[in-house]
Amino acid sequence: MNWKEGPIEGVVIRPLKRYEDARGWLAEFFRQDELDPSVYPVMGYVSLTHPGITRGPHEHREQTDLFVFFHGHLRLYLWDARPDSPTYSHRQVLDVGEAHPVTALVPPGVVHAYRNVGHTPALLINCPNRLYAGWGRREPVDEIRHENRPDHPFHMD
Ligand SMILES: Cc1cn([C@H]2C[C@H](O)[C@@H](COP(=O)(O)OP(=O)(O)O[C@H]3O[C@H](C)C(=O)[C@H](O)[C@H]3O)O2)c(=O)[nH]c1=O
């Protein structure tokens, strides 16, 4: 697969506005009056990733992720693997975290992964619009874990 660097339709990267004062800082990471109802979060989780570790590449069939990158130094990779997308075969790579705090809205079918390229653990918050394993954790997890496919085309340089 020949990936081309370029924007991916439906991916929205927004800088976090940090309200800083002598006590520290505060930043909003989503508001319903700034989101389409179809992607309103229904849950949230936080994960910590150690230096040098990669999470992904993963993909969802129905779920939209709303990632919040705000702590540590992560390199985010996105691949448009949707054959019917006008930006099919586009790839986006961006460094995010403490120095570049952002939210990243990632639609279903956009493959995503991130690597901790810093020297300290990195935190991530995700507020997806689907419950993990459905209501009461009774459904299959909506996730394709490409890292388990030796021949996957989602290479992170
Ligand atoms: C996501 C999630 C995971 N878990 C449990 C399942 C495992 O026992 C453990 C670690 O989960 P996982 O190995 O899926 O974590 P990652 O590899 O970081 O993947 C997560 O972050 C990447 C970026 C993705 O895109 C995945 O969809 C998301 O699962 O937490 C839960 O209990 N609830 C949850 O909402």
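One-based numbering, in listed order, for ligands and for the atoms of each. Just so it is clear, the values below take in all heavy atoms, side chains as well, and ignore hydrogens, waters and symmetry mates.
What sits closest to atom 15 (O) of ligand 1 on the protein, heavy atoms only, is R55 NH1, 3.7 Å. Atom 27 (O) of ligand 1 has its closest protein heavy atom at E143 OE2, 2.5 Å. Atom 25 (O) of ligand 1 has H112 NE2, 2.8 Å as its closest protein atom, hydrogens excluded (heavy atom only). Among protein heavy atoms, the minimum distance from atom 21 (O) of ligand 1 is reached at Y45 OH, 3.2 Å. At the shortest separation from atom 23 (C) of ligand 1 among protein heavy atoms lies Y114 CE2, 3.5 Å. Here the protein heavy atom with the shortest distance to atom 22 (C) of ligand 1 is H58 ND1, 3.2 Å. At the top of the distance list for atom 6 (C) of ligand 1, counting protein heavy atoms only, stands Y132 OH, 3.4 Å.
Between F69 and Y114, the angle of the ring planes goes over 60°, which puts this pair in the perpendicular group of the 30/60° scheme.
In this structure, the side chains of M1 and W79 stay at 4.5 Å or more apart for every pair of heavy atoms. Between N116 and H50, every side-chain heavy-atom pair lies at or beyond the 4.5 Å cut-off.
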### Task
Give the C-alpha distance, both sets of side-chain angles, the deciding distance and a yes or no for ring pair (Phe, Tyr, Trp, His ring centres under 6.0 Å) between F70 and F29.
CA-CA 10 Å; F70 66 102; F29 48 82; 7.8 Å; no

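Atom 17 (O) of ligand 1 lies below 4.0 Å from at least one non-hydrogen atom of the protein. Using a 4.0 Å threshold on non-hydrogen atoms, atom 29 (O) of ligand 1 counts as touching the protein. For atom 32 (O) of ligand 1, a protein heavy-atom neighbour is found at a distance under 4.0 Å. Inside a 4.0 Å radius of atom 9 (C) of ligand 1 there is not any protein heavy atom.
Judged purely by distance below 3.5 Å, without hydrogens or angles, the side chains of H100 and D95 never pair a donor atom with an acceptor atom.
Here the straight-line distance linking atom CG of D80 with atom CD of E9 works out to 8.0 Å at 0.5 Å rounding.
More than 12 heavy atoms of other residues, nucleotides or ligands lie within 6.0 Å of CZ in R18, so this atom counts as buried by the packing criterion.
Considering backbone and side-chain atoms together, Q63 places no N or O closer than 3.5 Å to any N or O of ligand 1.
Contact record, L16 with E28: CD2-O, 3.1 Å, taken as the closest heavy-atom pair. In this structure, V111 and P57 approach most closely via the heavy-atom pair CG1-CB, 3.5 Å.
When the side chains of ILVMFWY residues are joined at heavy-atom separations under 4.5 Å, either directly or via intervening members, L123 and W25 end up in a single hydrophobic cluster.
Annotation for ligand 1: atoms under 4.0 Å from non-hydrogen atoms of M43 are 35 (O). The ligand atoms of ligand 1 that sit less than 4.0 angstrom from a heavy atom of R145 are 12 (P), 13 (O), 14 (O), 17 (O).
Using a 4.0 Å cutoff on heavy atoms, R137 counts as a contact of ligand 1.
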